[in-house]
Structure formats: C-alpha cells, structure tokens
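What's counted below: heavy atoms across the whole structure, side chains too, no hydrogens, waters or symmetry copies. Residue numbering restarts at 1 for every chain, and letters A, B, ... go by the order of the sequence lines.
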Amino acid sequence: MRGALVAQPGTVDEAVAALAATPGAQLLAGGTDFCVEVNFGMRRPPAVVALRRVAELRRIEMTPSQAVIGACTTYADMGGEPLATAFPGLAAAARTVGSPQIRNAGTLGGNVATASPAGDTLPLLVALDARMRLRGPTGERTVSLSELVTGVKRTGIAPDEVLVDVVIDRRPGPQEFLKVGTRNAMVIAIASVAVVVDVESREVRVGLGSVAPVPLRARDAEAHAREAIDWDALSVGEAGAARFGELVASACAPITDHRSTAEYRRHAVQVIARRALERCVRRAC
Amino acid sequence: MPASSATGVSQRVTGGEVRDRVGDSPSRPDGVQKVRGEFAFSSDLWMDAMLWGKTLRSPHVAARIRAIDPSPALAIPGVRAVLTASDVPGRPTFGLEDPDQPVFADDVVRYHGEPVAAVAADHPETARAAALAIAVDYEPIAPLVDPEEALTAPPIHPEGNLFRHVAIRHGDPHAHGDVVVEGTYEVGMQDQAFLGLESGLAVPAEDGGVDLYVATQWLHVDRDQIAASLGLPADRVRLYLSGVGGAFGGREDVSLQIHLCMLALRTGRPVKMVYSRDESFFGHVHRHPARMWYRHHATRDGDLVKVEARIVLDGGAYLSSSRAVISNAACFAPGPYRVPNAVIDGYAVRTNNPPCGAMRGFGAVQACFGHEAQMDKLAVALSMDPVDLRLRNALERFDRLVTGQVLTGAVPVREVIRAAAAHPLPAPLGPDDPMLARPGGAGATADAAHVRRGVGFAVSVKNVAYSEGFDDYATARLRIEAGLDLDAAPVATVTVATAEVGQGFVTLAQQIVREELGVTRVVLAPANTVDVGSAGSSSASRQTWMSGGALQRACAVVRRELITRAAEMWECPVACCRFENGMVVRVDTVTDVGDDAEGVHVSVGELLAHGHVETEEEYHHAPTKALDAMGQGDAHLSFMFAAHRAVVDLDPDLGLVRVVQIATGQDVGRALHPVQVIGQIEGGVAQGVGLAVMEEIVVSEGRVRNPSFTDYLLPTVLDMPEVVATLVEEPEPGAPYGAKGVGEPPAISSGPAVMAAIRNATGLSLTRVPVHPEDIARSTGS
C-alpha cells in the first residue's frame with residue numbers, strides 16, 4: 001500500500017513495455033502536476049514509469065517547415081533557443097508558467113497530458129494545429145491536440161501509450177501569448193490567448209485557454225481578422241481590432257469558480273485577444 | 001534528546017571592544033544557518049523508532065456524529081493507536097481565552113476540517129490511510145454561516161453565538177457634524193500562511209509525563225492547555241521550542257499539540273506529526289473577516305465631530321482570541337484621530353465558518369480599511385487634501401482615545417504622516433520599463449499605454465502588548481561566569497522561553513546583554529518550559545518590550561551583584577562603585593587607595609573568579625484595565641502609529657494591479673536594531689499588500705475552497721513593491737530603551753493605502769478587500 005513500483009526506462013520502447021507490464025502505472029515527467037495530486041491524496045498509482053532517463057524524449061528537431069519537440073522538453077527549454085525564435089508564442093507561454101524551479105521541471109508533454117483548461121502551452125498548440133505523436137504496444141499514431149483533449153483534464157491518450165513528441169508547423173510572422181491571473185507571476189491563468197499571424201498564407205490563428213473545458217480555436221475571430229488586416233501594411237483598424245475581441249469573447253464558454261467569474265473571463269479574453277492582435281500587427285491610423 | 005532539531009540558537013562572539021550593542025545592527029545568530037538551508041525547523045525533528053501521527057478532519061461544515069468506528073483503521077498493519085474524543089484523559093476542551101473548543105469533536109462537528117480523530121502508525125502513509133479508514137457516521141446539519149444571522153440564530157454551541165459585544169459610548173452620542181459621510185466595508189479572511197508547517201514531536205517520559213518539541217508562539221500557555229487536557233500536572237508536560245518557520249498569530253492557538261501528546265502517551269513511543277499545506281489551512285485560526293458600517297461627522301473646516309461604527313467580526317466555530325480582537329477593532333475603529341464623540345458597536349460572533357483568531361494587526365487591520373476609506377471620503381466631501389485632513393485630526397500627546405484613555409506616551413502621528421509623504425514619488429512607468437514591471441507581470445497583458453497610476457494614503461494605530469487588565473509579563477534568566485579559555489573572558493548565558501518566530505529576539509537578547517554588561521560573549525540557551533518562567537507570547541509586538549525588559553532587569557541585578565563584590569573587595573560603600581564598559585570603577589577619591597595612574601577598576605572577569613552570578617527576573621508591564629460597559633477605560637499600555645503612502649500601476653481594462661512603491665513613516669520609539677526593523681516593515685508590507693489585492697481564504701457555505709498555495713495567492717517578488725521607510729524615533733516613556741513594538745504596524749495601514757491608491761486610479765469606491773480584477777474591470781473596462 002505504501003510503496004509504488006518505479007520503472008526507469010532508457011528508451012520510449014522500454015517505457016511502453018513498462019506501461020504494458022504494470023497496468024495502472026502512471027507516467028512521470030516533471031511531476032509538477034502529478035506529484036501535487038499525490039500530495040493531495042488524489043492519486044496513488046501502483047506503479048510509476050519515470051521518463052527522465054529517456055533521452056529521445058528531450059530531442060528538439062527543427063526543419064525549415066516544422067519542429068518536432070520531444071515530450072519531455074521543459075518550459076525552460078521552450079523559453080530558450082531554438083524554440084524561442086521559431087515559436088515566440090510558445091516561449092512566451094512557457095515563461096508564464098510557475099517559478100523558475102517549476103519551469104526547470106515541468107514539460108510540454110506533461111502540459112498536454114494533464115490537459116488542464118489552464119495549461120499554458122495549449123492555446124498556442126491548438127492555434128498551430130500541433131500534432132501529438134503517441135506510441136503504444138501496437139505502434140504509433142498521430143492526433144491533433146483538439147482531437148486529443150476531450151474534456152477538463154481528460155485526453156484520448158490510452159493507458160498504455162506514451163506521448164513521444166509534438167509536431168508544430170512553423171509559421172512566418174508574429175506570435176503573441178497573453179495571460180491574465182490575479183498575481184503578477186506564478187499564477188494559474190484566469191484567461192489566456194495565443195495569436196499567430198502568418199504573413200505568408202495571410203491567415204490569423206487564435207487559441208484560447210481557461211475559458212472553456214478544453215483549449216479552443218476562435219474560428220470566427222480568425223476569419224474576421226483575415227479580412228480586417230491590411231496585409232500589405234500589416235495593420236488593423238480600430239474597429240477591426242475591437243470586433244476581433246468581441247468575436248473571441250463570443251467563442252468561449254467560461255465558468256465561474258473560486259478563481260474568477262465567467263463574466264470576467266469573457267471580458268478579459270476579449271481585452272487580451274485584441275491587445276495580442278494589435279501587438280502582432282500595427283494599429284492602422 | 002532527539003537529534004539537534006530541538007536546540008536553541010547560540011553564538012559565541014569574540015573580540016576586543018564590545019560591539020553589536022543596542023542600536024547597532026548585528027547579524028542574526030541563526031541567519032547563516034537559515035540562508036544556507038541548514039537551520040533545523042520543527043518539521044526536521046527525528047527520533048529513532050518514532051511513530052507518525054495523522055489527524056482525521058471533518059469533511060462536513062456542521063454535522064452530528066452518530067458513531068465512530070476505529071476498527072477498520074486499527075486492522076491495518078502498522079497502526080498503533082486511534083484516538084477520539086472519548087480518549088481525552090483530562091479536560092475535553094482547550095482555548096486561549098476560554099476552553100470552548102473540543103480536542104476532538106465529540107457529538108457535533110462545527111466547522112469544515114474540525115479534528116475528529118488522530119492516528120499513530122509506523123509510517124506516515126500508513127497513518128494517512130488509517131485516518132481515512134476510520135468509519136465516522138455523520139448526520140450533516142444546516143450550517144450557520146452568516147455572521148449577522150448568528151446574532152439572532154439558535155445557538156450552535158452551549159456558550160452561545162455571541163463571543164463579545166463591545167459598546168463604546170464617548171462624548172455626546174447625539175453630536176452631529178456639518179458634513180457626514182457613510183460607508184460599508186468588508187474584509188475577507190486572510191491566512192498567516194507561514195512557510196513552516198505545523199509540526200512537532202512528542203516523547204513519552206519515564207515519569208508518566210511527556211516532552212513535546214514544537215514550533216509555537218507561547219510555550220507556557222501551550223503547556224497549560226496540554227496539561228489540562230492530559231489531566232497531568234503542568235510540570236510533567238515539558239515543552240521545548242523547535243525551529244519556527246513563521247507564525248504571525250497562527251501559532252498562538254493549540255493545533256496538534258494535545259493530539260501528539262495523547263498519541264505518545266497512549267503508544268509509549270515518540271510520535272511526530274507534520275501537517276501538509278492543505279491541512280495547515282484547516283489546522284490554525286485565520287484573520288477575522290469583517291463587515292463594517294461607518295458614519296463620520298465633521299465640521300466644515302474638517303475637524304472630526306463624531307464617528308459611528310458597527311463592526312461585525314466572524315469568529316468562526318470557536319472562541320480563540322475573538323474577545324480581544326473585537327476589543328481592538330472597536331477601540332481603534334476611529335483610527336489615529338482625535339474624535340470627541342463616538343458611538344461604536346463591535347460584535348464577534350460564532351458561526352460554522354473556520355475559526356478565526358490572532359493575526360498580525362489583530363483587529364486594527366480590519367478597522368483600518370474602514371476608517372481610512374472614510375477619511376478619504378470625508379476629504380472628498382470637504383474638498384480637502386486627504387493628507388491635510390489626516391494631519392488636521394491627528395492624535396497628539398495628552399489627547400483622549402474614544403475609550404477615554406489619555407495618551408501619555410509618544411504620539412508622533414503627524415511626524416509619521418509627514419515622513420511617509422516626504423519620500424519622493426517613483427518615476428512614472430515608461431514604455432521602456434520591462435513588461436514584468438507592469439500590472440499583469442509575467443502574463444504580459446499590458447502595454448505602457450494601458451496603465452494608469454494611483455496614489456493613496458493611510459494611517460494606523462495599534463496597541464503594544466496585552467491589554468484590558470491582563471497580567472502581562474515576561475521572564476528572563478541570566479547567568480554570567482568566567483569563560484574556560486585562557487583569558488577567562490566572561491560568558492553570559494541568556495535563558496528565555498521567548499519564541500523566536502523570526503522577529504529577531506535572539507539577536508536583540510545578545511545586544512541587550514552587551515549593552516548592559518559590556519560582555520562580548522553572549523550565549524542563548526534553548527527556549528523551554530523547564531529552565532525558565534513564561535515569556536508570554538511572541539505576538540502583539542510585545543517581546544522587545546517585555547522579554548527585553550525582563551532581560552534588562554536581569555542585567556541590572558547582575559550589575560548590582562558585581563558592584564557589591566567590588567565594594568566588598570575594596571571595602572568601600574557600594575555607592576562609591578559604578579559599572580562602566582564591562583568593569584566596575586571606583587568613583588570616590590583615588591588617593592586613599594594609592595593608585596593614581598589609572599584610577600581603580602576591576603573587570604567583570606576578575607569579579608567572577610570566585611563564582612558565577614545568576615538570576616531570574618520577571619518584568620510586568622504597567623497594569624491596564626478592562627473596558628467598562630460604556631467601552632471606557634485605560635485598556636492599553638502603549639500605542640504604535642504608522643503611515644503608508646502607496647503608489648500603484650493599474651490596468652483598468654483588465655483590473656490588474658501592480659503596487660509600485662510603499663513609502664512609510666513608522667513610530668518605533670527607538671530602533672534597537674534598525675536592519676531588523678526594516679525587515680519587519682518589508683514583511684508587514686508584503687502581508688498588507690497581499691490582503692489588499694489577492695490573499696483570501698475563499699469560504700462558501702462554510703467550506704474552504706482554496707486550501708493550497710495554488711489558489712491561496714501570496715505576493716511574489718513581482719508583486720512586492722519597493723519599500724522606502726523613515727523610522728520616527730521618539731522614545732516611549734516607560735519602555736525599555738524607549739522602544740515600541742514594530743512588527744504589526746507595517747501590516748495595518750499598508751493595505752488600506754493600496755486600496756486608496758486603487759480608488760485614486762479608478763474613481764471606484766471598492767469597499768471590499770481583497771479587491772479582485774473583476775471588481776475593477778467590470779466598472780471601468782472598455
């Protein structure tokens with residue numbers, strides 16, 4: 001009852017095998033979510049498969065068109081190069097997570113697998129249609145984040161699967177991530193937004209956090225922005241930006257809880273979405 | 001003895017001239033250990049073969065307990081004991097003022113998290129599982145959670161729902177001013193949130209008693225409550241202070257002490273218990289939430305005519321120190337201003353909410369949010385500058401409080417106001433300032449253009465030490481002897497039961513002995529209930545005055561003994577000898593003795609050659625009186641005043657705030673260790689800012705919703721403002737070294753100043769703290 005078996009695989013395949021060998025086993029990466037739940041007595045798995053020794057899970061592979069980011073890439077890694085230049089929105093999101101200690105431990109894969117509505121990297125991942133590569137006993141499969149995350153802290157990851165890496169297409173152009181919390185650092189998002197402006201394909205992508213059970217795209221707002229932006233000047237008018245904020249707000253389905261109210265969340269996401277867009281593209285005079 | 005954890009702090013200081021005296025700022029004797037992470041806190045206590053204790057707490061806010069079956073827990077291998085109310089050998093209840101709180105809930109549970117049983121097992125995980133296995137048959141009942149309703153609702157405790165009503169009637173109750181402003185205010189439930197979790201180790205003793213190593217604020221009063229519930233004489237319950245990781249009032253009440261001792265005595269084994277962070281939120285009392293109504297009357301010129309106030313404090317399920325807290329809230333309801341007429345009613349009531357008690361500022365904090373908002377409102381109504389209005393009405397020496405007490409001590413209210421106002425304002429936020437310095441911080445939500453600045457002011461008053469007739473005293477034992485090394489330099493050993501909770505008495509004790517005896521080497525013995533009498537509580541900003549006073553007195557007794565020894569040696573009258581710079585000097589004519597070169601003197605070391613000197617002294621402060629039926633009486637010993645000016649940057653659209661700077665002037669009497677005074681000011685400001693903008697235990701229908709540091713938010717370094725402080729030193733008559741307390745004032749008016757600054761930036765009335773982003777954004781947002 002007291003102890004838990006701990007497996008320390010060296011490869012992803014060994015990790016998959018360890019999961020298969022011990023039903024109910026919990027994968028452990030940075031432990032910044034899992035260990036808190038253990039301390040609260042909410043989870044007591046019979047076995048733990050610790051991923052720290054799996055070097056391939058920390059691999060970051062950059063090509064001109066995409067990045068393959070190992071699931072055990074830490075927030076600190078995401079805040080640094082090469083990812084910070086390729087995905088400034090992801091880096092900005094990673095820098096808002098917890099304290100330096102947490103950012104040194106917590107991982108991208110953990111953020112995805114925990115699937116909290118407030119997961120800080122999720123708005124950017126959903127905005128960029130990031131794909132998750134999962135490996136199980138029968139092989140690999142790839143699913144998008146929006147397919148994977150099915151509800152509040154619920155995913156389609158099977159108990160015998162390991163999230164190996166996250167594949168994100170590179171998009172030329174500015175990215176912004178803004179997050180509202182009641183403290184100036186180390187705080188869980190009350191509302192967050194990621195805005196990606198692709199200056200080549202001339203599209204705008206918006207991901208929202210903490211305003212629905214799952215990370216959301218704001219498709220109407222995206223379509224509106226695509227029209228509202230003067231792509232040659234890379235600017236947006238006052239009314240266009242305001243409408244963008246309104247459309248983002250209308251995309252969300254926030255709740256009231258002990259952290260905030262639905263009303264404020266909707267208001268806040270409107271404000272920060274507009275600001276994010278205005279930071280990405282100049283305000284037209 | 002358990003491993004080193006339960007020892008006190010000692011430091012040997014060597015060197016020639018005596019440095020680090022009163023008024024200097026020597027390093028803390030425990031400072032290096034703490035900075036290096038080597039200091040042993042109570043959670044580090046360890047003993048071979050010890051068991052682990054765990055408390056079972058009620059998941060219900062209010063319930064009848066139909067039955068408790070411990071057998072499923074006892075069936076778990078490794079479980080050594082399961083104790084419930086029926087196992088309490090002595091008094092079934094405890095409490096600081098009146099024992100109205102059950103050691104374990106018996107027939108009724110009155111708050112979410114109330115202890116129902118305790119387990120000892122050979123592993124903490126086993127103890128945790130065993131506590132969950134105890135079968136408790138609860139019948140939930142409708143909780144009483146509204147403090148106003150509590151005044152008229154059927155009693156939820158045999159002692160009723162009203163802890164205390166303090167009525168203050170002063171001057172003409174029908175007086176009326178030309179200008180009247182009215183307001184209602186609310187303060188949420190703040191937590192002390194000390195970092196060192198409740199923890200201790202109880203060891204059964206051969207004499208049938210128990211030794212308890214524990215982090216607490218007042219060893220002797222813990223001992224008395226434990227002994228009563230164990231049914232043991234006080235001398236068979238011995239407490240030893242372990243490393244305390246913060247207190248702020250939250251360790252004044254008994255938490256795990258009785259449970260631990262019962263488990264140790266039942267099992268015959270040492271038992272250790274450490275609360276988790278979430279359990280800590282249920283394991284100690286909090287700051288009282290307050291609802292306050294105020295009406296201020298003033299002349300057209302801005303002189304206060306009358307203050308009317310009604311303050312209701314929610315004391316939660318048990319009394320704790322609610323009677324004293326409401327006394328303070330009522331007494332200081334008008335703030336540090338001259339108020340000729342007052343009608344004030346303060347109520348502390350019992351509900352099924354979490355119990356509330358002592359926290360830094362103790363009733364003065366809640367009142368300050370009310371009276372300072374009112375002063376700003378009045379300034380607007382009078383078209384006066386808010387600082388000028390405060391200066392105009394500031395209390396002076398020989399003024400009367402609304403309790404009729406004449407202020408005979410130092411009352412530098414105007415000085416602290418002017419000192420706070422005199423600090424230069426910080427530069428405005430510019431577009432080049434880092435994002436982290438803007439409201440929203442790491443979330444990068446604001447551009448410089450979104451930010452609005454506000455400035456606010458607040459002033460406060462609070463009593464030092466215990467009030468209303470309490471025989472408040474402290475004890476100090478001092479031993480001085482020749483050292484064992486070659487030069488036989490004297491060594492002084494200080495033994496006090498003063499709980500070092502971070503305030504720095506360990507440093508000050510050494511300074512006092514050096515100051516009084518000129519002895520460089522001062523050792524601090526461990527604090528316990530065995531070797532010395534009570535020090536009283538490390539609270540109410542009182543230990544510098546009280547334990548400092550006792551130690552100063554002990555030094556005087558030692559000095560007299562040394563002078564007597566010198567006089568005997570010289571065969572001269574004692575009156576011819578004087579103590580000076582660590583030696584006794586003969587002050588009458590020197591020719592008789594035939595030493596014309598240097599005069600006659602003898603060092604302390606030489607005087608100790610024939611034996612040590614040791615004494616134990618008590619220091620009682622001047623008596624105070626209970627308030628009478630009209631709330632009148634000389635209830636307090638002394639008063640501390642502070643003024644705070646807050647500068648905030650605020651994002652009106654999102655309602656996010658960053659406090660940029662707190663400038664303060666604080667009445668300290670005399671700064672005995674200026675660096676530690678600044679430390680107290682910075683720490684108190686952090687707690688004041690926290691209460692203003694984020695810290696609150698969210699309670700709904702009696703249930704605590706955020707018992708974790710994930711959701712109970714404390715200021716981080718990005719939330720903490722720059723603090724600029726001026727210490728106003730006007731020595732307090734009758735106080736040892738003229739020093740007042742310094743710990744509480746920074747936590748009192750700093751928060752109200754922040755609220756004033758937020759109101760200034762937004763134009764909103766904002767009557768509740770902590771203020772939430774939605775309170776600001778909803779009204780001012782785009």
Side-chain angles (χ1 to χ4, degrees), chain A residues 1-4 32-33 36 38-42 44 89 92-99 103 116 118 120 176-193 242 245 256-276 278-279 283, chain B residues 76-78 123-126 128-129 132 276-278 435-447 450 651 653-659 690 693-696 698-700 704-711 713-720 770-778 781-782:
Chain A
M1 170 180 44
R2 268 160 34 186
T32 54
D33 288 322
V36 172
V38 170
N39 285 340
F40 275 119
M42 287 151 62
R44 298 276 158 161
R95 290 187 198 113
T96 71
V97 175
S99 60
R103 294 195 288 275
S116 161
D120 286 316
E176 286 286 344
F177 176 81
L178 275 65
K179 163 175 158 181
V180 174
T182 15
R183 181 162 69 181
N184 285 324
M186 246 170 74
V187 69
I188 291 177
I190 285 174
S192 62
V193 64
T256 293
D257 64 7
H258 60 280
R259 291 186 189 132
S260 190
T261 63
E263 189 189 0
Y264 177 77
R265 285 187 157 102
R266 195 185 298 275
H267 165 78
V269 84
Q270 174 175 349
V271 173
I272 57 174
R274 177 182 172 167
R275 288 183 183 177
E278 288 177 340
R279 272 189 213 162
R283 171 92 66 86
Chain B
I76 296 172
H123 190 280
E125 280 295 286
T126 310
R128 189 190 64 82
L132 292 175
S276 60
R277 175 57 61 191
D278 62 319
M435 186 65 87
L436 290 177
R438 297 177 199 161
T445 47
D447 297 322
H450 299 130
D651 179 341
D653 293 333
L654 290 173
L656 301 180
V657 175
R658 187 179 127 78
V659 184
V693 300
M694 63 181 79
E695 287 189 45
E696 182 175 12
V698 180
V699 180
S700 62
V704 176
R705 302 284 306 277
N706 58 338
S708 75
F709 278 172
T710 304
D711 282 317
L713 298 182
L714 295 161
T716 69
V717 70
L718 286 183
D719 302 283
M720 181 65 194
V771 66
H772 297 295
E774 53 265 42
D775 304 331
I776 299 168
R778 205 163 31 214
S782 55

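By number of non-hydrogen pairs under 4.5 angstrom with chain A, the leading residue of B/Leu132, B/Thr445, B/Val657 is B/Thr445. The most heavy-atom pairs under 4.5 Å with chain A, out of B/Arg277, B/Arg658, B/Arg705, come from B/Arg705. Your options are B/Asp278, B/Val698, B/Leu436, and the one with the most heavy-atom pairs under 4.5 Å with chain A is B/Asp278.
Considering all non-hydrogen atoms of both residues, B/Leu718 and A/Ala185 come closest at CD1-CB, 3.6 Å. Here the shortest heavy-atom pairing between A/Leu178 and B/Ala444 reads CG-O, 3.2 Å. Residues A/Arg183 and B/Leu714 approach most closely at NH1-O, 2.6 Å, considering heavy atoms. Between B/Gly440 and A/Asn184, the closest heavy-atom pair is N-OD1, 2.9 Å. Between B/Pro707 and A/Phe40, the shortest heavy-atom distance links the atoms O-CE2, 4.3 Å.
Of the atoms belonging to B/Met435, it is side-chain heavy atoms, and not backbone ones, that fall under 4.5 Å from chain A. Neither the backbone nor the side chain of B/Val717 comes within less than 4.5 Å of any heavy atom in chain A. Using a 4.5 Å cut-off between heavy atoms, A/Ser192 makes no contact with chain B at all. Of the atoms belonging to B/Ser276, not a single heavy atom falls under 4.5 Å from chain A. Heavy atoms closer than 4.5 Å to chain A are found in the backbone of B/Pro439, but not in its side chain. Neither the backbone nor the side chain of A/Val36 comes within contact range of chain B, judged by heavy atoms closer than 4.5 Å. In this structure, chain B has no heavy atom under 4.5 Å from any part of A/Arg265. In this structure, the portions of B/Asp719 lying under 4.5 Å from any heavy atom of chain A include both its backbone and its side chain.
Salt bridge status for A/Arg279 with B/Asp447: present, with a side-chain N to carboxylate O gap under 4.0 Å.
To the nearest 0.5 Å, the span separating CD1 on A/Ile190 from CG on B/Leu656 amounts to 8.0 Å.
Inter-residue side-chain proximity for B/Arg128 and A/Arg44 is flagged as met; some heavy-atom pair is nearer than 4.5 Å. At least one side-chain heavy atom of B/Thr710 sits less than 4.5 Å from a side-chain heavy atom of A/Arg259.
Just one of A/His267, A/Arg275, A/Arg274 meets the side chain to side chain donor-acceptor pair (under 3.5 Å) condition when paired with B/Asp653; it is A/Arg275.
Residues meeting the side-chain hydrogen bond (donor to acceptor under 3.5 Å, both in side chains) test with A/Thr256, sequence neighbours left out: none.
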